[in-house]
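Just so you know, residue 1 is the first one in the sequence shown, and it goes up from there. Below, all heavy atoms of this structure are taken into account, side chains as well, without hydrogens, waters or symmetry copies.
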Amino acid sequence: MTRPALGTIDHPLTHDPKKQDPMNPSLTDIPAPASDAMTSRQNRNLEMQLMPEALARAHMQQRLYEAEHERRGNRLLSARRLQRRAERASLRARRALALAVMQ
């Protein structure tokens, strides 16, 4: 069972216009594009559209990380400052107690 050879626009079966098939394709004759190719193209377009959003999200995460890191550093400096102040107050209290005992 062989199929009849179909001509193309570039290579028609015959050059006689009367013997050629009419070139009026209906909507059912037009082949649908491959769904995986269309999906791939749509996904690529969607990814391209979402790239700036992903970049902005990554940038914001980086800035939040840096801000948290800086806050942690500031808390550490504050804790060290308070510790030194407490140590100085403790020394003053000891001296005051020693002076009170000596008199």
Subject >> Approximate separation, where rounding is to 0.5 Å, of Met102 CE and Leu97 CG >> reply: 11.0 Å
Please name all residues satisfying side-chain contact (heavy atoms from CB on, under 4.5 Å) with [X], sequence neighbours left out, ordered by chain then number.
| X | value |
| --- | --- |
| Glu53 | Leu50, Arg57 |
| Arg63 | His59 |
| Leu82 | Ser78, Arg85 |

**OP:** Tell me, please, which residues at least two apart from Arg72 pass salt bridge (Lys or Arg N to Asp or Glu O under 4.0 Å).
**Re:** none
Original post:
Other hydrophobic cluster members with Met48, side-chain heavy atoms of Ile/Leu/Val/Met/Phe/Trp/Tyr under 4.5 Å, chained?
Top reply: Met51
**OP:** Output every pair passing side-chain hydrogen bond (donor to acceptor under 3.5 Å, both in side chains) with a member in residues 88-101, not counting sequence neighbours, ordered by first then second residue.
**Re:** none
Original post:
Given the rule in the salt bridge (charged side-chain N to carboxylate O under 4.0 Å, His left out) test, do Arg75 and Glu68 qualify, once you have shown the distances and angles that lead to the verdict?
Top reply: CA-CA 10 Å; Arg75 281 196 298 262; Glu68 180 61 31; 3.6 Å; yes
Subject >> Over 12 foreign heavy atoms within 6.0 Å of CD, Glu70 >> reply: no
